[in-house]
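Have a look at the structure below before the remarks.
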Amino acid sequence: MNSGVALGADAKAVLVAGGLMFLWALLLGVWKYRQMVTAPDGLAHPYVDTAHRAALLYSFACILLAVFVELSKWSTAVNLVAVGALIVFFYAAVAGYAIHGKRRDTTNQFVDPIPGTHAFMTALLVAEIGGFMVLFAGFIAGQIV
């Protein structure tokens, strides 16, 4: 059954990525809950907590990005490259948090960072800010100007 809303393939891809991220957030919430119930202080490991919260926030960020993608003047290919850069780093960040939570190896990944941590963070900043700037410019060009 068609809902009557015709979304572009790029917006659909972003919504699927956001839906999967939300599902991941829910599953991380189960892990966080389990740690909270079994911990003497009632707290989950900080990076399990961070992974859960980040996944929730990123899932909703994907909905916002889908709107900018859908209303962008740019081509599907440009939109997919821009939003893909953001989403890849969203997933990578949550995975990194979950790995630290599983290992319980740190409560601050920048205190004694593994090689490549700062390079990853620089790439994340460039991809997320740059990708959003492309989408935002496409929205402005298509809807405002």
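Between Tyr97 and Gln109, some side-chain heavy-atom pair lies under the 4.5 Å cut-off. The shortest distance between side-chain heavy atoms of Val83 and Phe68 does not fall below 4.5 Å. Within the 4.5 Å cutoff, the side chain of Leu28 has heavy atoms near those of the Val94 side chain.
The two residues Asn79 and Val69 have their closest heavy-atom pair at ND2-O, 3.5 Å. Closest approach of Leu86 to Gly131, counting heavy atoms only: CD1-C, 3.6 Å. Here the closest heavy-atom approach between residue His45 and residue Thr107 is recorded as NE2-CG2, 4.4 Å. Closest approach of Val48 and Gly101 over heavy atoms only: CG2-CA, 3.7 Å. In plain terms, the two heavy atoms of Phe90 and Glu128 that are nearest each other are CD2-OE2, 3.3 Å. For the residue pair Ser59 and Gly18, the shortest heavy atom distance occurs at CB-O, 3.6 Å.
In this structure, Asn108 places its CG atom where more than 12 heavy-atom neighbours from other residues, nucleotides or ligands lie under 6.0 Å away.
Side-chain heavy atoms closer than 4.5 Å link hydrophobic residues (I, L, V, M, F, W, Y) into clusters, and following such links, possibly through other members, connects Phe132 to Ile87.
A tilted orientation is assigned to the rings of Phe89 and Phe120, their planes being inclined by 30° to 60°. The aromatic rings of His100 and Tyr47 lie tilted to each other, with the angle between the two planes from 30° to 60°.
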